[in-house]
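A short write-up of the structure that comes next.
Nothing here was measured: the structure is a model prediction, and the numbers come from that model. What you see below is based on every heavy atom in this structure, not just the backbone, and it leaves out hydrogens, waters and symmetry mates. A note on names: the letters A, B, ... follow the listed sequences, proteins ahead of strands, and every chain is numbered from 1.
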Number of protein chains: 2
Amino acid sequence: MAKFGVWIRRILIGRPLPSWRAAHERLPKFLALPVFASDAMSSVAYATEEILLALVVAGVAATENLIWITIAIAALLAIVVTSYRQTIYSYPSGGGSYIVARENLGTTAGLVAAAALLIDYTLTVSVSIASGVANLASAFPLLLDHRVEVCVVFIAFIALANLRGLRESGTLFAIPAYTFIVSLTTMIVVGIYKAATGQLIPVSHMDTISVQQPLTMFLVLRAFAGGCSAMTGTEAISNGIPAFKPPESKNAATTLLIMALVLGSLFIGISGLAQYLHILPKHSETVVSQIASMVFGRTWFYYVVQFAVAMILVVAAQTSFADFPRLSSILAKDRFMPRQLANIGDRLVFSNGILVLASLSILLVVKFQGQVHKLIPLYAVGVFLSFTLSQAGMAVHAWRLKEKNWKISMAISAFGAVITGIVVCIAFITKFTQGAWIVGVLITASIFLFTKINHHYRTLADQLRLPAGEPKDLLLQEVHNTVLLLVPGVHKGIIPALLYASSLSQDCRGVYIETDPTDTPLIVERWEKWGMGIPLVVLESPYRTLLEPILRYIEEVKKDRARHFVTVIIPEFVPAKWWHKLLHNQSGILLKWALMFKRDIVVTNIRYYLEK
Amino acid sequence: MAKFGVWIRRILIGRPLPSWRAAHERLPKFLALPVFASDAMSSVAYATEEILLALVVAGVAATENLIWITIAIAALLAIVVTSYRQTIYSYPSGGGSYIVARENLGTTAGLVAAAALLIDYTLTVSVSIASGVANLASAFPLLLDHRVEVCVVFIAFIALANLRGLRESGTLFAIPAYTFIVSLTTMIVVGIYKAATGQLIPVSHMDTISVQQPLTMFLVLRAFAGGCSAMTGTEAISNGIPAFKPPESKNAATTLLIMALVLGSLFIGISGLAQYLHILPKHSETVVSQIASMVFGRTWFYYVVQFAVAMILVVAAQTSFADFPRLSSILAKDRFMPRQLANIGDRLVFSNGILVLASLSILLVVKFQGQVHKLIPLYAVGVFLSFTLSQAGMAVHAWRLKEKNWKISMAISAFGAVITGIVVCIAFITKFTQGAWIVGVLITASIFLFTKINHHYRTLADQLRLPAGEPKDLLLQEVHNTVLLLVPGVHKGIIPALLYASSLSQDCRGVYIETDPTDTPLIVERWEKWGMGIPLVVLESPYRTLLEPILRYIEEVKKDRARHFVTVIIPEFVPAKWWHKLLHNQSGILLKWALMFKRDIVVTNIRYYLEK
């Protein structure tokens with residue numbers, strides 16, 4: 001059985017890797033981009049739609065603001081990315097918002113950022129996968145009924161790829177990421193060309209959309225907050241610097257810049273085309289799908305675009321799978337999360353973190369039945385909270401160190417912090433009733449948990465700390481051991497136990513529990529001959545139970561010899577065939593279990609193997 | 001939790017009883033009758049119907065044979081009972097067919113009888129309960145849909161009553177048994193009186209029943225075999241003699257006689273009335289119900305009769321619950337069944353046997369969905385097989401001992417054996433296709449199992465037998481113990497383990513598994529100070545696993561010191577709160593588990609209790 005388990009494991013996640021191979025598992029830039037930037041890039045697939053969804057309630061005319069909101073978000077992206085490039089150089093061992101906030105703003109700020117990020121990573125997995133599957137389903141409506149199952153399969157697949165190790169999963173994810181970039185760029189370029197040459201005619205909506213409310217500032221802000229979901233995932237690279245090939249910081253900074261450029265251009269391109277074509281959000285078709293079908297018609301290239309979008313969304317979850325386990329392991333090393341999350345698994349990845357993330361996101365997808373829009377309001381608050389804290393931290397950092405050009409650095413970071421802080425407020429207020437409050441509750445609960453865990457580990461360390469002086473006091477106490485050998489009967493099967501028991505201590509006693517007095521004389525007689533001179537204690541058990549008499553006797557022994565160890569030796573014979581076990585009283589095993597969890601008793605099992 | 005379990009147990013089955021109370025739990029005759037004779041008496045509720053069912057296919061006229069077949073069966077009962085009374089005096093310690101057959105005809109015959117009886121007891125529980133519930137359902141049709149559930153509840157209830165102890169269940173079962181005897185006697189007496197005074201007019205069936213086949217000898221024999229189900233349960237008293245008050249044999253013999261008289265008169269009375277009234281079996285109403293409603297109309301007394309019949313059928317299962325565990329315990333003592341079946345429980349009953357019987361019969365009831373008639377064909381073969389073997393055994397017994405009047409005894413038993421043997425053949429042949437073959441298969445399988453179990457216990461005894469000579473050779477071998485203390489880290493939590501390990505053996509080593517080489521120097525340094533001079537072995541683990549390195553090292557140690565014990569001591573700290581466990585690597589526990597089942601390694605756990 002165990003062998004079979006090992007074999008399955010090998011097939012699924014590969015052979016274990018030795019620790020010295022860690023440096024070989026680093027990522028070159030062209031593989032780091034898909035691993036760390038899929039999340040950010042993928043969000044252009046729905047960010048434009050989120051803006052339109054907020055605007056359209058004020059009528060078709062209100063959607064004219066789309067391009068300006070998009071440009072504002074792109075500008076915000078530029079600020080945040082500039083600040084993060086500074087972070088990458090200042091914190092080359094990685095860590096992102098949590099470390100920056102903790103070091104510059106204090107532990108609580110760090111934990112808030114960490115909690116916000118962990119929640120955000122979990123949401124990213126669920127939202128991206130669900131939205132990727134929704135995109136697939138607009139091309140293949142057959143999938144609609146099995147949405148949740150397909151989501152679960154994808155999450156499990158990505159988790160598995162990550163358990164195999166980062167490098168291999170980088171290769172695996174490169175294809176959809178680059179297909180996405182190329183196909184969307186093609187769509188935008190062809191779109192602009194066709195528009196310029198007058199081959200594209202905008203949709204006309206004169207009669208279809210009614211104005212539900214006037215275009216208030218609140219609506220514009222809500223649209224802005226919705227569009228900011230395009231920026232989720234931006235912090236990923238600064239968290240994952242140690243996964244890059246050396247020189248880590250430089251490579252990471254370059255990758256971040258490339259990502260920002262790709263993301264910004266795609267976002268502006270898509271929003272521009274959407275506005276030019278007067279595209280409105282539809283329940284049955286995504287905005288990107290509408291653009292693609294207008295630019296290419298339902299040709300094979302339309303399907304390439306749809307497929308690329310679906311795949312990048314699925315792959316976007318990869319960013320979270322790269323970062324969640326890494327951040328958890330940092331928190332675990334700082335004793336804010338269970339230390340198992342800091343364990344490096346067989347394949348040099350943080351296996352436990354990967355499993356936790358997969359479980360949480362599957363739970364979310366199943367709970368929300370794969371309905372993406374219900375999850376998006378939970379989304380932006382956390383990301384922007386971590387942006388704000390990270391950039392505020394960088395501002396403090398620059399002010400403290402006062403390195404070359406510190407004033408410019410501080411100004412950029414502080415400006416970024418103020419702007420993203422405003423976005424947090426906007427997102428929290430405009431989306432409060434849609435579920436942003438849940439994020440507030442979750443962050444508070446997480447911080448409570450972090451603190452409790454930290455408290456436990458600290459008191460544990462106190463309790464386990466060895467005294468500073470000489471070890472004499474602790475170690476020179478005399479050790480006595482009272483050994484009780486439980487005698488089920490006097491036969492060949494107890495000989496090894498008898499030999500073992502007599503070797504352990506001078507104070508060794510046989511203990512026989514008498515459930516039927518007629519058996520006792522024979523036991524006593526045989527013990528005389530075979531008992532090696534060890535005294536035999538006969539305990540009466542009028543109610544025919546084994547546990548109570550032995551426990552009572554142990555209490556007595558302890559009273560007499562307060563500072564002794566009491567070792568109970570239970571002989572057990574192991575039958576040659578499994579079904580033989582059914583033919584024996586399991587009282588030895590039950591006794592072992594009952595005693596094993598009693599305080600201050602050492603239980604030792606001596607087995608006698610039957611040949612047939 | 002454990003406390004709560006004990007409390008529930010007390011409520012349901014009462015306080016444990018000490019062994020010396022065994023003699024007080026004996027039954028007086030008036031309580032022994034319901035306990036041991038309910039089965040036999042209850043069968044009059046369906047025996048008449050079984051005969052009619054077989055006869056009616058040959059038309060209404062064929063049912064005229066009912067009374068003659070009934071009288072024949074009553075005569076057979078007289079023979080069998082006479083033979084069993086002899087058994088009771090010859091085998092006062094109880095045992096019935098199994099012991100009589102084993103002692104006089106050999107082990108195989110004994111096992112055949114035992115297998116037949118065990119199968120029969122199981123069937124009795126299922127058939128009686130199902131048929132009792134069917135009777136209840138003819139009075140309260142509401143129950144029809146929940147038949148199986150009601151059966152299961154009744155079986156569980158009876159099992160529980162038996163777990164409480166025989167004497168108390170005797171009292172519990174006395175009321176339905178005596179109500180049954182009184183109400184059916186009343187029905188028969190009133191019926192005969194009304195018939196004699198012309199107040200009862202037989203049913204007329206001129207047109208309702210068609211003749212499906214002529215009345216062949218085969219049909220008559222099948223009817224006879226069906227009616228013989230009235231005799232099931234007759235052997236119960238001879239099995240249970242030790243449960244009677246002294247003088248056991250005399251009381252048991254008297255009880256058997258009373259039972260035979262009651263059973264015989266009720267059976268003849270019911271068949272007589274049925275024949276007089278021209279009653280035919282109906283799907284929707286039992287024969288007894290038809291008689292009762294014709295004698296009394298649907299008055300309250302009709303319901304008393306119906307209720308008494310239903311209750312006696314439910315209680316009939318009691319006979320099996322009294323005898324199955326007893327017979328199993330005898331077989332277990334003779335090493336043909338698992339020895340747990342010989343254990344006497346808290347309340348001085350064979351608890352395991354009761355639980356096995358309850359489980360098997362619930363399984364049958366659920367499997368057959370409470371359809372009684374499908375089970376009855378499986379029924380008579382086993383009973384009569386055990387009758388035959390028992391009486392053949394008694395004939396041999398009489399012939400061997402040649403006591404006073406032995407020729408008469410032998411003649412009676414031999415005659416009974418021949419007659420019941422013929423019934424076995426008839427039942428087996430006439431019911432073969434209806435399921436009697438299953439009983440054949442089951443008996444064969446049981447004997448195979450008995451033999452296998454017996455073989456195991458015998459080879460076990462051989463393997464455990466101590467040699468006849470002096471104990472020197474075995475005991476004077478020198479005992480060495482190599483103690484390996486697993487060192488997870490050097491802190492206060494391992495001090496008790498260190499003290500304990502050093503007390504066990506001169507050859508004691510600390511073993512540290514190095515998963516991360518950067519930690520090793522600190523461990524080594526601390527060990528220098530705190531290790532009590534015990535050598536520390538550092539095992540490299542490039543794949544970061546704990547189990548493989550330690551297993552490899554143990555192999556090495558064993559190679560060096562072939563005849564040593566190897567004791568692995570695993571220190572473990574026990575957190576003060578349960579949820580703290582989630583915050584620690586469970587590697588110590590996993591290691592304990594992995595090592596615990598390895599051959600020739602003694603694993604000992606030393607716990608360190610955290611205060612907070």
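Contacts of B:Phe565 with chain A are made by side-chain atoms alone, with heavy-atom separations under 4.5 Å and no backbone atom involved. Residue A:Ile494: no heavy atom, backbone or side chain, is found under 4.5 Å from chain B. Contacts of B:Lys577 with chain A are absent, with no heavy-atom separation under 4.5 Å from either backbone or side chain.
Nearest approach of B:Ile601 to A:Arg607, heavy atoms of both residues: O-NH2, 2.9 Å. Residue A:Ser503 comes nearest to B:Asn481 through the heavy atom pair OG-ND2, 4.4 Å, listed as atom of the first residue, atom of the second, then distance.
Rounding to the nearest 0.5 Å gives a distance of 6.5 Å between CG of B:Leu466 and CZ of A:Arg526. The distance from atom OH of B:Tyr500 to atom OG1 of A:Thr567, rounded to the nearest 0.5 Å, is 2.5 Å. Going from atom CG of B:Leu460 over to atom NZ of A:Lys492 covers 11.5 Å, rounded to the nearest 0.5 Å.
Taking the six-membered ring where the residue is Trp, B:His456 and A:Trp579 present tilted rings, their angle falling between 30° and 60°.
Within 6.0 Å of the CZ atom in A:Phe448, the count of heavy atoms belonging to other residues, nucleotides or ligands does not exceed 12. Residue B:Lys452 places its NZ atom among 12 or fewer non-hydrogen atoms of other residues, nucleotides or ligands, all under 6.0 Å distant.
Among residue pairs with one or both ends in residues 457-468 of chain B, those qualifying as salt bridge (charged side-chain N to carboxylate O under 4.0 Å, His left out) are B:Asp462-B:Arg465; sequence neighbours excluded.
Contact count against chain B (heavy-atom pairs under 4.5 Å) is highest for A:Leu610 among A:Val490, A:Thr459, A:Ile606, A:Leu610. Among the candidates A:Val574, A:Val602, A:Thr604, the residue making the largest number of heavy-atom pairs closer than 4.5 Å to chain B is A:Val602.
With sequence neighbours left out, A:Thr520 forms a side chain to side chain contact (heavy atoms under 4.5 Å, CB included) with A:Tyr512, A:Glu514, A:Val524, A:Val538.
Using modelled atom types, no side-chain atom of A:Glu611 and backbone atom of B:Gln463 make a donor-acceptor pair closer than 3.5 Å.
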